[in-house]
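A, B, ... follow the sequence lines: proteins, then strands. Residue 1 opens every chain.
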Amino acid sequence: MVRTRFAPSPTGYLHIGGVRTALFCWLFARRNGGQFLLRIDDTDAQRNVEEALKPILDGLRWLGIDWDEGPDVGGPYGPYYQSQRLEHYQQAVRVLLDRGLAYHDYATTEEIQAERDAAQNEKRPFRYSRHWMAETADDRRRFEAQGRQSVVRLKMPQEGTLVLEDLVRGRVEFEWAREQDHVIQRTDGSCLYHLANVVDDEAFRISHVIRAEEHLSNTPRQVFIAQGLGYTLPQYAHLPFVAEPGSRTKLSKRKLDKYLKNRDFADLMQRGQQIAEALGLQASPETFNPVITDFYEQIGFLPEALTNYLALLGWSLDDRSEHFTRQELIEDFSLERVNKAPASFDPKKLFAFQDRHMQLLPIEEKVNLVLPYLQRAGLVGQPASDRQRTQVRQVVEAAGDRIKIAGDILSHREFFLGDADFPYEPAALEKALGKPAAREVLGRFRDCLAACDNFAPAPLEQLLHDFVQQQGIKIGEIIHPVRVALTGKSVGFGLFDSLAILGKQRCLARIDRTLNQA
RNA sequence: GGCCCCGUCGUCUAGAGGCCUAGGACACGGCCCUUUCAAGGCCGCGACACGGGUUCGAAUCCCGUCGGGGUCACCA
């Protein structure tokens, strides 16, 4: 039975690289008819775990990454919070101690540091001298009489080689003698991640440990613990990490300022901020930026598009398949086809995937997607009236592929504002209607419209062409002024669609308002 | 610095000795379509890090060099 797990710490946000790891774990489990579980690594938690966990669980759910066991759903091996599993870890420490694979150590932090510094000065690799190692009860009493406190350290082998068959990296070798005597239990009796991790993976019957590459160097000590405890080793698969845009360095939330200097990244950020602003969202860059999953949910990305993009970041099926639904991903995913080299995050390419997925979305689904944005911006009532819904549908249809993300509907807000309320772009107004002659033409066209009683796109187009011919003008001379009069903008979707959506009364009102502008 | 990992167009990648004059996608540039903006179509630009081997033949195998990254906590 394949069982994989994703083990987030409750940090308050879901990092895009973390999602990619979770996605691969999930895909692998689903592909193989196995289970995917969530474990919360909160051994070090200071803050309110539930609160800090919420954005993470929400993000995973939004992406359709569901878990069979874990928070909210429970499961037979729970609890799934490390903070509630302390006795398991302490029990494991006792076993390691009994078997002579770990020892009580009474060195102070300063003493360890001194050894480290000495090694540094002599340019040799640091290895703890075990000077304050207590292997007998007598030793312990002696050190404790000095007022010393102990931690428990791993007693790593002094020789030999560990050969690891990693499912994505292949054969990897480590020399045991290079490994440190890591602390597994603190002075206060609490346990450290590596120990907890191994104990839980066994307790949860994890068959495949799929995690980011940064854990590769940690694997030997975990293998040592697992073997010492008599566990059967899981299969390991170390994924390449997601790197910064245009770099090979690991993507990190903390370097936001640096990423914002990247043009593509900044563009995405700006696009998001505009939407946030229109929604009156408080968008602190700390929690609202393209490194964090929530950002995409907020501004209206399609979860399938993000998933599709992320899956291709380090994995591919062949030399041409790019578009995958979630179901196709499940069918086609395999660890054998995961790359070894890190892949850098490309906001432009992500956007291209979003574009493609959006284009394939049926119109009604698009309407459903977009409606909440208009409602939150106060442009459409809640619930929307039939008339409003129809209008939204018309706008969405006319906008076509111009709506790349759901929040983009807000850049067509003029259709939902009063005829006297929508703003004009000053430059557009000046360019299209600055000259008196242009205003005269617009006036004449207004009369034409007033006489028209079939306000559908096709007849309107005919009407305009007839008008152009009669007046002996170029089509651009009328089309641009009309667009500005109707929408306040120099760019937008098809003019005849705009006219039809607004209807005769509103078109005339808007043209009159424009003509009355100074 | 030690150890470990990685190295094909700017980016994501295909490639498991001859199918490679290295394919696809995003981005970029040009043209076409067009009332603007998108979208779409066509064309173009553009890479095997370097040096040695092995071989009739190497992006693919071996060695070295260089470069990039990860990791070396009483963090996870």
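- Phosphate proximity of B:G69 to A:T249: present, with a side-chain N or O under 4.0 Å from OP1 or OP2.
- Note on A:G400: nothing from the nucleic acid sits closer than 4.0 angstrom, heavy atoms only.
- Note on A:G246: nothing from the nucleic acid sits closer than 4.0 angstrom, heavy atoms only.
- Here A:L495 lies in heavy-atom contact (under 4.0 Å) with a base.
- Using a 4.0 Å heavy-atom cutoff across all strands shown, A:H238 reaches no nucleic acid atom at all.
- Proximity of A:T43 to the phosphate of B:A76: a side-chain N or O atom is located under 4.0 Å from OP1 or OP2.
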task = Might you work through the ring pair (Phe, Tyr, Trp, His ring centres under 6.0 Å) test for A:F351 and A:Y309, ending with a clear yes or no?
result = CA-CA 9 Å; A:F351 207 82; A:Y309 172 71; over 10 Å; no
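- Cation-pi geometry between A:R85 and A:Y81 is not satisfied (NZ or CZ under 6.0 Å from the ring centre, within 45° of the ring normal).
- Backbone-only engagement by A:K404 is indicated by non-hydrogen atom pairs under 4.0 Å involving sugar-phosphate atoms exclusively.
- When heavy atoms are screened at a 4.0 angstrom cut-off, A:F496 is found touching base atoms of the nucleic acid.
- Contact annotation: A:T187 does not reach the phosphate of B:C74 (side-chain N/O to OP1 or OP2, under 4.0 Å).
- Contact between the side-chain N/O atoms of A:N339 and the OP1/OP2 oxygens of B:U13 is found at a separation under 4.0 Å.
- Counting only N and O atoms by type, the side chains of A:S411 and A:D408 include no donor and acceptor under 3.5 Å apart.
- Taking atom CD on A:Q113 and atom C1' on B:C72, their separation rounds to 13 Å, with Å as the unit.
- Within the nucleic acid shown, A:R39 has no heavy atom closer than 4.0 Å to any nucleic acid atom.
- Note on A:D401: a base of the nucleic acid sits closer than 4.0 angstrom, heavy atoms only.
- The interatomic distance linking A:F241 (CZ) with B:C4 (P) rounds to 18 Å, in whole Å.
- Under the Watson-Crick or G-U wobble criterion, with both distances below 3.5 Å, B:G40 is paired with B:C32.
- Backbone-only engagement by A:E173 is indicated by non-hydrogen atom pairs under 4.0 Å involving sugar-phosphate atoms exclusively.
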query = A:Y236 and A:R211: side-chain hydrogen bond (donor to acceptor under 3.5 Å, both in side chains), yes or no, with the steps?
reply = CA-CA 8 Å; A:Y236 290 100; A:R211 61 190 3 174; 5.4 Å; no
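- For the OP1/OP2 pair of B:C74 and a distance below 4.0 Å, the side-chain nitrogens and oxygens of A:S190 include no atom meeting the criterion.
- Nearer to the 5' terminus of RNA chain B, by closest-nucleotide assignment, is the contact made by A:A352 (compared with the other of A:L192 and A:A352).
- Residue A:R116 places at least one side-chain N or O under 4.0 Å from the OP1 or OP2 atom of B:A73.
- A:L350 places its CG atom 14 Å from the P atom of B:C26, with the value rounded to the nearest Å.
- Shown here, B:C4 forms a base pair with B:G69; the pair counts as Watson-Crick or G-U wobble because both key distances fall under 3.5 Å.
- Pairing of B:A16, defined by two Watson-Crick or G-U wobble distances under 3.5 Å, is not identified with any nucleotide.
- Separating the CD atom in A:E87 from the SG atom in A:C191 is a distance of 10.5 Å, to the nearest 0.5 Å.
- Nucleotides B:A22 and B:G30 place their C1' atoms 25 Å apart, quoted to the nearest Å.
- Comparing B:A25, B:A76, B:C5 by their closest approach to the side chain of A:H194 singles out B:A76.
- Contact check, A:R248 against B:C12: a side-chain N or O comes under 4.0 Å of OP1 or OP2.
- For B:A73, the base has no donor-acceptor partner in the side chain of A:H182 [N/O atoms by modelled type, under 3.5 angstrom].
- Atoms CG (A:D346) and C1' (B:C28) sit 12 Å apart, rounded to a whole Å.
- Within the 4.0 angstrom heavy-atom criterion, only backbone atoms of the sugar-phosphate kind lie near A:E214; the bases stay farther away.
- The partner of B:A25 is B:U11, by the rule that a Watson-Crick or G-U pair needs both atom distances under 3.5 Å.
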task = For A:S190 and A:R186, run side-chain hydrogen bond (donor to acceptor under 3.5 Å, both in side chains): C-alpha distance rounded to whole Å, both residues' side-chain angles, the deciding distance at 0.1 Å, then the answer.
result = CA-CA 5 Å; A:S190 64; A:R186 300 184 181 93; 2.9 Å; yes
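- If you check every strand for non-hydrogen atoms under 4.0 Å, A:Q359 touches sugar and phosphate atoms only.
- Using a 4.0 Å heavy-atom criterion, one finds that A:F351 contacts no nucleic acid atom at all.
- Using the six-membered ring where Trp is involved, A:F493 and A:F415 have ring planes that are parallel, under 30° apart on the 30 and 60° scheme.
- Aromatic rings of A:W315 and A:F324 (six-membered ring for Trp) have centroids within the 6.0 Å cut-off, being under it.
- Among the heavy atoms of the strands lying under 4.0 Å from A:N218 is at least one base atom, whether or not backbone atoms are also near.
- If you measure from atom CD of A:E213 to atom C1' of B:G68, you get 11 Å, rounded to the nearest angstrom.
- The base of B:C26 is not paired with the side chain of A:K348 by any donor and acceptor separated by under 3.5 Å.
- Note on A:V151: a base of the nucleic acid sits closer than 4.0 angstrom, heavy atoms only.
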Stepwise ring pair (Phe, Tyr, Trp, His ring centres under 6.0 Å) check, A:F143 with A:H104 = CA-CA 10 Å; A:F143 286 129; A:H104 287 281; over 10 Å; no
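- Note on A:R186: a side-chain N or O is less than 4.0 Å away from OP1 or OP2 of B:C75.
- A:F126 places its CZ atom 15 Å from the C1' atom of B:C3, with the value rounded to the nearest Å.
- Of the side-chain N and O atoms in A:N262, none sit less than 4.0 angstrom from OP1 or OP2 of B:U11.
- Nucleotides B:C32 and B:A16 have their P atoms positioned 41 Å apart, rounded to a whole Å.
- Nearest-nucleotide positions on RNA chain B for A:F353 and A:A341 put A:A341 closer to the 5' end.
- A close approach under 4.0 Å does not occur between any side-chain nitrogen or oxygen of A:K250 and OP1 or OP2 of B:G69.
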